[in-house]
Amino acid sequence: MLIENSFEVAADPDEVYRFLQDAHNVAACFPGAELTEDLGDDAYQGKVKIKVGPVTAAYQGVAKVVERDAVARTAVLLADGKDSRGSGTAKARATMRVTPSGEGANVVLATDLTISGKLAQFGRGIMADVSGRMVGELASRVRQRIEQGEPAAPAPAAASVAQPAPTAVPPSGEPRDEAPPMKAAELIRIVLAGMLERWAARLRAPRPVR
Amino acid sequence: MLEQATRRVRGTVNGDPFDEAVDPRLTLADFLREKLRLTGTHLGCEHGVCGACTVIVDGAATRACLMLAVQVDGAAVETVEGLATDGELAPLQQAFKRNHALQCGFCTPGFLMSVTAALREDTVRDEAQAREVLSGNICRCTGYTGLVQSVLDVANGRSDA
Amino acid sequence: MDGPMPEAMIGARLPRREDQRLLTGQGRYLDDLDLPDALAAAFLRSPHAHARITAFDASEALALPGVVAVFSGADLMEIQKPLAPKVQHPQLRDYPRLPMPPEELHYVGEALAVVIAESRYIAEDALELIDVDYEVLPAVGSTAAALRPGGPLVHTGDESNVAVLLTQSAGNAAEALSTAPHTLSEEFFVMRGGGHSMEPRAVAARFEPATGQLTIWDTTQSPHYARQQLSMIYEMAEDDLRVIAPPDVGGGFGPKAQFYGEEVVIPWVAKRLRRAVKWVEDRQENFVSAMMERSQTHQVEVGFDADGRLLAVKDVIEHDQGAYCAGLQVPSITTSTVPGPYKVPNIDIELRACYTNMVPTSSVRGAGRPQAVFVMERMMDRIAAHLGLDPAEVRRRNLIQADEFPYQVGIMFRDGSPLTYDSGNFPALLEGAVERIGYDEARREQVRLREQGRYLGIGLAVYVEGCGLGPYEGAKIRLTNRGRLLVTLAAAGQGQGYETIYAQIAADGLGLDMAYIDVTTGDTARIPFGQGTFASRITATCGPAVFEAAKQMRARLLDTAAVLLGCDVSEVDFDGNHACLGGDREKSVSLQQLAQVANIGKHGITLPRGITAGLETASYFSPERAAYASGAHAALVEVDPETGGITILKYVIGHDCGTVINPLLVDGQVLGGFAHGLGNAMYEEAVYDDEATPQATSYLDYALVSSAEVPPVELFHIHSSSPLNPLGVKGAGEGGTVPPPAAIANAVEDALRPLGARVTRAPVTPARIVDALLAAASVADSVAEKKKVS
Amino acid sequence: MKPARFTYHAPRELDEALDLLRDLGDDAKVLAGGQSLMPMLNFRLAHVEHLVDINRIGQQWGTPAFGEDTITIPALVRQRQLERSAEAARLLPVLTEALHQVAHPQIRNRGTICGSLAHADPAAELPSVLTALDAKFTVASARGVRTVSAADFFLFHLTTALEPDELLLEVSVDRPGTNQFSAFREFATRRGDFALAGVAAVCEVDDGVVTACRIAAAGVAPTPQRLTDAELLVIGQPLGPDLGAAAEATARAQVDPTGDIHASAEYRARLTGVLVKRALADITEKAHA
């Protein structure tokens, strides 16, 4: 399934490209992703957890930039993983293209997402919606990170044990709701630090049960 | 069977008490079939659509594949094995036979239990209602004609051959 | 010698003997059999439509408590032998179908490993712990993709995806089409659909080391076929293999007539482990691994004169074989079914059967016929519309007449004989259906309702169904030591009521009451030879065999009784379970006594003079060629153009299967077949996406009809006896399934004719109806153009 | 198709259930009627560490309350129970009409209203009906109780505002006045199937004029979708065929469904419009009766 997203970024196109051609930066923006190991050669091992209600799938695999063209400012990231319960695989091939746009840059993110196995065998279009939201969120996170001017996220030490990808947690202090369609974060529910606290604040005058 | 902590389940099936220790994940259908060896309850889809596993739990027609055995603790379960008395077929069973409402017979217990529960709840007046009563079970063999007639026969108290 | 019979049982409307146990939960389906300490099996299945296994690690699964063994395909190389296609052709490019491929997998759902565990729950736990690495390969998700030049290959290293190219022809269709006053062409597509017996497949096996015998319980429709295959693969004597189709099998419908890798793996594993092993397919597996059918694309062209008389039919058929060729029966039946009940002087049918990365196809109730009938009957309606004639009238003008039998169509049937219709009365079927549907009044009502913006449609479909295929089927009858007649069939039933029907036939052959007759089926240890239940063949092959064996047994019984009674055989007849002299019960011998004398005997004592030992008879019937059942369906529907919803207002079925053994059961077969056909007409779609991933893998996405969807049917019969067997019978199991897609599609297009919607695909669903209406609205001009050209 | 292992809990009190959910968090899943969850467990699409079966938390959670101001449906009210309630049929016909079309009686015997809402399948009937009824979702956890509106409750396919430690304790709607008329329309391929689209409409009608209106669609978005454009168009207008036709076009334009193997996006959008028209016609008929 090919899903295209494009967005404007108030940043220098070359800066944007530099950010995008680093596999770690982009892979870490994938919703529910955790990078677990730097394999070197700009390849990272990681996990992606998809959770739609009670339906869960956890994919383990490798993300790697497989093509780069600094002149055309395009890069292709390939992320390929298999379900930890052996019931399928997920593969994302994200083609990123940066073009100058006014003062800033335009990014086109074309993601070809292929999921096989049980999750892919639904006739109802749930996975199409899920895929669309996942890729949409990937795009919004990429944009968010670029706009925050963050350099490439620090790569985890090689062979380190799983740590939540830095980008999976919104920078502290930033209200979650301000990020572009961040309701999406609820959807593929990433474990967000501080979520409970926020909820507690939103609770209306709690009353005891019975 | 090597399983995790079992739970005790007590209740009745067709009036007979049972008292068994079960794995919590064991479905009611597998419990009836494997633990109690009441194999008349069949598994056709295990996702609640075909209705072959329908049994009556505390008076309500229920998919035995969508209930856990631990959930019938304290319940009265009725299965197809309990419909006939001393080898004498119940009127619904007789109607099924008379009207050729079964072929391979695999779905039949589910139909019998669904209709038995439905006829206890409501009267069926016409063909449309009979079809409604039957619509939660799938039969691949008969085309439903004999089933519809059987429901109407029993609803109207007809029992001639 | 045949004395006056009691009441004839053939033709009697009797309830079934099987019902008592099935109604009380005492049926014995495979999963109900008591196999003490049997282990449970679960198969690991490919999540990919096309992939190579690059690594396989079951260590974690094996470490799980309760797991007894895990075998990958590579662990069972001794049984990795190709499962032969059931129907072959010299030109078939067969690609070996291995029981559990060790290297390359070719469809989602193909088994690559099996777990044996203490319970199915644990076995499924273990499946999740097996670690497999796959190299995913490009997959083929349609016949169009398969035939596209330069596209991916279904089997790596193969030269193309074509399985076989075949042609059937009569006359000169090309020339006839080029000179015909009118021609019309269209492309039709019929969707994949499954058998969906309510009981999925199952196999259990137990090995007896003491005797070296392997006993296999199998839900198969063809136990003898399974034994033959296993005997070759295992390199075991057939007598050391006993294949039993349990007394109760929860539906077959074709997929269970095929032979699968699981049937090879389970008994072998039971033998290796020296433990009973049972595998019961669950519905999730059934959706991706039981064979399917139907999927075909037809490019058809018809030539006809100004009166609507057919001059030529040309049809190019793309048939989806799936990942392997399990047999060519389906496409070959399609090729010979296209002309149907019509006189077609010039026929040219081209078959392109190709491989795809989907579960293999084989026969499903109807077996290649619904597709052909859909195409031909849709074109009959198109001819009528083109010429402004009534669709019923166009059919009348083309039907083979009742006095034209035997009728040679000019092409070959799949049994290897020239397609020759044995008997029938197609005009009577059509007129009966037309009259009962209230055709003329419905046409008037159609006009009236159109003025109110309501859309009524009438659909007709007439068909001929080759059935009763060879090579043979057999039966044995034995007087048991307890004085009962035991009829033993090789055929295995799946709900057809064999225990009743064959007792009826035997009763007439024996001249004995059914009460003394038992029937047993489907066990290779009880009868040496058999073919199986498929292709609506059993009544027409096994029926005559039972009848003949029964007549022989009658003669043997009466001969024996005459000797014991000291009279001429002509003076003896049965009264109840006694053979009586001159109708006198006082001067009689019981069946039990006959068994005592001729079968049990007295150890070491010479038989009475004139008694022949062993009261057992056997008969095998081999039909000279296929018989042809036929029928006509008529549907009256209303279509809601806003939702695309179809309401069936009335449905009539005219059916002709020759002599009827038990009308109650024949009606059941026809009406059940109709419900399946209605599913193919309106609901069932085994959708695969472009990557060949199945999209309808549960009953939430694959809709089987319930009582709410199936309308009441008015069913009538005519009886054109077949001259090809002594009972005059033909097959009845599939006829109901064959024409509904055609009848419904015809009715829907008829209803929407003023709006120009065209139905070219089965099933016809609400969404596609609305899509067709939108397309018609937007391309009204080009449709008009097309009409002008043709 | 056997469920994977889980630890089973059958609390006898609500507080016990909430404590369990607090302690187990994301590893727990609530089991009510189980008619959606059990198939997912059987398919092994869902894996849960802990199953918290709330069926034994007490009778009081199994009885609907038809109060003077509010109608409350607690967690263990079965669908079949409410379907057969004469009071529900009189007060909330849209709900009764929808319940008749939820799967089959055998499923409704066990399935709960709240369970279906918490499962949040956007193609299911009840989420759209309770959205059109502007229901309040009372959500409990060991931390306390909060109320969530329908608009905030449904977030995506199978995803709600419920936190892992929370339970949908009850759903409530305002007791309708005599001027409220409602209707549910859906079109499914087969009896009992998920609808290709469904529409729940609730109108207040005074002197033949619609004074308030809520319309929610099922099966055309990742959540039940309020058809606000159609609502605005309808409010202030007299009921009648013209209104239906206008609402049809508006509704069709507002939805942006996903196409799938059952129906194209275009079809679903059109169908939504048709169903809005028909639901309004039902309401017109009821209002004139």
Using a 3.5 Å distance criterion without hydrogens, assess whether the side chain of R98(B) forms a donor-acceptor pair with backbone atoms of P15(C). no
Interface residue of largest heavy-atom contact number with chain B, from [options], under 4.5 Å:
{"options": "G736(C), G493(C), A675(C), P712(C)", "value": "P712(C)"}
{"options": "G251(C), S706(C), G25(C), P200(C)", "value": "S706(C)"}
{"options": "D31(C), V249(C), N286(C)", "value": "D31(C)"}

Side chain / backbone / both / neither for E81(B) at chain C, heavy atoms under 4.5 Å: both
By a 4.5 Å heavy-atom criterion (distance strictly below it), what part of V80(B) contacts chain C: side chain, backbone, both, or neither? both
Does any non-hydrogen side-chain atom of [Y] lie less than 4.5 Å from one of [X]?
{"X": "H100(B)", "Y": "D667(C)", "value": "no"}
{"X": "F96(B)", "Y": "L22(C)", "value": "no"}
{"X": "Q103(B)", "Y": "Q669(C)", "value": "yes"}

Can you tell me which portion of [X] sits under 4.5 Å from chain B's heavy atoms? Options are side chain, backbone, both or neither.
{"X": "L64(C)", "answer": "neither"}
{"X": "E199(C)", "answer": "both"}
{"X": "D32(C)", "answer": "both"}
{"X": "P711(C)", "answer": "backbone"}
{"X": "L715(C)", "answer": "neither"}
{"X": "L678(C)", "answer": "neither"}
{"X": "R365(C)", "answer": "side chain"}

Greatest number of non-hydrogen atom pairs under 4.5 angstrom with chain C, of A90(B), G40(B), G143(B), G48(B), falls to G143(B)
Given L38(B), L89(B), L102(B), the one with more heavy-atom pairs under 4.5 angstrom with chain C than any other is L102(B)
Heavy atoms only: give me the nearest M198(C)-C50(B) pair and the separation to one decimal. SD-CB, 4.0 Å
Which residues satisfy the ring-ring contact (aromatic ring centres under 6.0 Å, His included) test with Y699(C), sequence neighbours excluded? H47(B), H196(C), F287(C)
Excluding sequence neighbours, so at least two apart, what forms ring-ring contact (aromatic ring centres under 6.0 Å, His included) with H42(B)? F106(B), Y29(C)
Which of residues 51-74 of chain B have a heavy atom under 4.5 Å from any heavy atom of chain C? none
Of all the residues in residues 125-137 of chain B, which have a heavy atom that comes within less than 4.5 Å of a heavy atom in chain C? E127(B), R131(B), L134(B), S135(B), N137(B)
